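Predicted model, so just to flag it, every value in this text is computed and none were measured. Order of the sequence lines sets the chain letters (A, B, ...), proteins ahead of strands, with each chain counted from 1.
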There are 2 protein chains.
Amino acid sequence: MARRSGVSISTVSRVLNNSKPVSPEIRQKVLEAIKETGYRPNLLARGLVLRKTNIIGIIVPDISNSYYSELVKGTEEISNMYNYSILLCNTYGELKKEMEYLNLLLEKQVDGIIFMTTNLTDDHINWFKENEVKAVFVNRRAEGLDIPYVSIDNYNAAYDATNYLIKLGHKKIAYVGGPLSDEVLGKERFEGYKQAIYDAGIDFKQELVRVSKIGIRNGYEAMADILDVYNDITAVFAANDIMAIGAVNCILDRGYKIPDDISVVGFDDIPLASIIRPALTTIRQPIYDIGAVAARMLIKKLNGEKLEEKAVNLPYQLIERDTSAKAR
Amino acid sequence: MARRSGVSISTVSRVLNNSKPVSPEIRQKVLEAIKETGYRPNLLARGLVLRKTNIIGIIVPDISNSYYSELVKGTEEISNMYNYSILLCNTYGELKKEMEYLNLLLEKQVDGIIFMTTNLTDDHINWFKENEVKAVFVNRRAEGLDIPYVSIDNYNAAYDATNYLIKLGHKKIAYVGGPLSDEVLGKERFEGYKQAIYDAGIDFKQELVRVSKIGIRNGYEAMADILDVYNDITAVFAANDIMAIGAVNCILDRGYKIPDDISVVGFDDIPLASIIRPALTTIRQPIYDIGAVAARMLIKKLNGEKLEEKAVNLPYQLIERDTSAKAR
DNA sequence: CTGAAAGCGCTTACAG
DNA sequence: CTGAAAGCGCTTACAG
């Protein structure tokens, strides 16, 4: 390439990167030679000397889950916009894979990491303490770590969802959700529910609460368990749409009318939520934006820019559809 | 690292890669030093000398579409198993982005590319002719290119779906599908439908056919158009589930019973297909497997192994659910 | 403005 | 079995 145009490789590098002035004639010659030869710079070599790969590693529990794939889409688009590529790591939520990928990403010399896990453990925290990588967390706050995160405020969203039912006049409000061991999907949302109940002066009843692994079937059964004992509830807050759909099916199967007899509010606004009949009232997360903001924050860090905030909570929205109505 | 253990970097390299015998004592010393220092090999540098990055680039139209995310999951898992990482490129189906990404992947020195597009053009073909990359196509045959592809046999699947309806005694079978400009989702499936009709000795009627951009709404309207004129059809083959769902909604809205009055068979078996009521009879694609096989084929090529077949069609399956029944 | 040289962190003949 | 040296394809002081 360089010899082809009769100049040094230094000069070729300079016209390619515009890093230093090059005389117009020579620039011209180089450009022509590049065209003719179909020369492509080797970004690996460049990365080696610059210590910068322009690759961002992204670790997700399950790319086939629409939540994560939408989020990855957001990350990918913003990354691409800023000239970064995405190295995708799918972990199936397994700690072992997560740790392997974290190490691998470092060896691959990625510039930064966007990290998602359903279960943040000390292993993760310690790893990030030992390895100073630029990183951004999604949906998890990392205790004692100087790593920013982006999320929505799950506690307040759950509070608002519950409160919405209360304002509709409901008093017997069941809770169906994911395991409390899950900090975000389980605990935070449950706490929001509980607080709303307390604040409304309603008696909190543990019997109206069912938590289990997330799944349509589990939502169905959790709902069945509750209805077996309390057939006088008038509302359910299901802390994720998957279980909400299970709950809806159960309620319908038992012959209750939705929303006439029982109102249901979900959480997440997955695509299905607006398609099932009756369409689900639920909390919408700005999933794409979460991914996009995470990427933007990481890239700012990579550029050495100061982040104004260590944590970003994006706005959520209550989408009223057909599963909720005033209490009789 | 090397000096830490008092040996040469050559030796360190050799214990790390097991590329040459190293005396047990020295190996031991090196291993210890690695532990102590938390040394991590720089895979970029290794890639530069080996001319091998162990990265596979994957190009998809829309990662947030469950079809592609499921497929990427398959690719990712197999790749990871063989020690490859995935560089994810989302194109929104735009030719410009596709070409940019193809070039970028080459500059990033990926070992191979798994390529998906909804619209394979000469630009793509020419690019692959000019750049000899190891690649595998998904769902598209590349005319005049020595690039293997993996897919299902869309023509035969559509044939079988239509034939299934014929065997149920249906004679007036409408067709609703994607644009014929789409080789796979449009043309191949339509041809399969047509051939089945012919083979059964049924009169093919162009008026029973509606193609349009894929979308629930469009499926609904295509169905409405047909029912406006032919209210005596007893079955519909909708060549993708999205439009099938639209068609189902339309049929129901018009007061027909499914499957009593009209049977519907879809194509793809998207998650929704089994969730809507009545649950959709449809053709299931082994999406995860398509991704997995594509990765496996590419890796074989990367290893210099011969592929037995240039094209792999994975088995599809007709899933009978509640939208199809014998003709009255 | 341009080129020769050093160096990024590895691997691998080559010599011993 | 082990080390010094060359080289992968770049970038960037340094000298001119």
Trainee: With sugar-phosphate meaning primed atoms plus P, OP1 and OP2, does A/Leu44 contact a base, only sugar-phosphate, or nothing at under 4.0 Å between heavy atoms?
Mentor: nothing

Trainee: Walk me through it: do A/Tyr67 and A/Asn139 pass the test side-chain hydrogen bond (donor to acceptor under 3.5 Å, both in side chains)?
Mentor: CA-CA 12 Å; A/Tyr67 184 90; A/Asn139 283 347; 2.9 Å; yes

Trainee: When you check every protein heavy atom under 4.0 Å of nucleotides 10-16 of chain C, what one-letter string (B, S, -) results, 5' to 3'?
Mentor: BBBBB--

Trainee: Working note: B/Asp182 + B/Arg140, criterion salt bridge (Lys or Arg N to Asp or Glu O under 4.0 Å); need CA distance, chi angles, decisive distance, verdict.
Mentor: CA-CA 10 Å; B/Asp182 186 317; B/Arg140 309 284 142 166; 3.2 Å; yes

Trainee: Check the pair A/Tyr39, A/Leu16 against side chain to side chain contact (heavy atoms under 4.5 Å, CB included), reporting the backbone distance first and the verdict last.
Mentor: CA-CA 11 Å; A/Tyr39 166 81; A/Leu16 244 29; 3.5 Å; yes

Trainee: Do any side-chain nitrogens or oxygens of A/Arg51 fall under 4.0 Å of OP1 or OP2 in C/dG9?
Mentor: yes

Trainee: Please report the distance, rounded to the nearest Å, between CG in B/Leu48 and C1' in C/dG7.
Mentor: 12 Å

Trainee: Taking atom P of C/dC1 as reference, at what distance in whole Å does atom NZ of A/Lys29 sit?
Mentor: 16 Å

Trainee: If a pair means Watson-Crick or G-U wobble with both distances below 3.5 Å, what does DNA chain D look like in dot-bracket form, with | marking bases paired to a different strand?
Mentor: |||.||||||||.|||

Trainee: Between A/Glu98 and A/Thr117, is the side-chain hydrogen bond (donor to acceptor under 3.5 Å, both in side chains) condition met? List the steps.
Mentor: CA-CA 8 Å; A/Glu98 289 168 346; A/Thr117 179; 2.8 Å; yes

Trainee: Are B/Arg296 and B/Lys300 close enough that some pair of their side-chain heavy atoms sits under 4.5 Å apart?
Mentor: yes

Trainee: Report the C-alpha separation of A/Asp111 and A/Lys134 in whole Å, then their side-chain angles, then the decisive distance to 0.1 Å, and conclude whether the salt bridge (Lys or Arg N to Asp or Glu O under 4.0 Å) test is met.
Mentor: CA-CA 7 Å; A/Asp111 294 336; A/Lys134 313 263 189 191; over 6 Å; no

Trainee: Would you measure the distance from the C1' atom in D/dT12 across to the matching atom in D/dG16 and give it in whole Å?
Mentor: 16 Å

Trainee: If you apply the rule salt bridge (Lys or Arg N to Asp or Glu O under 4.0 Å), what do you find for B/Glu32 with B/Arg27, and how did you get there?
Mentor: CA-CA 9 Å; B/Glu32 274 168 22; B/Arg27 149 164 278 119; over 6 Å; no

Trainee: Centre-to-centre under 6.0 Å for B/Phe115 and B/Tyr149, is that the case here?
Mentor: no

Trainee: Over how many whole Å does the gap from A/Ile26 atom CD1 to C/dC1 atom P extend?
Mentor: 10 Å

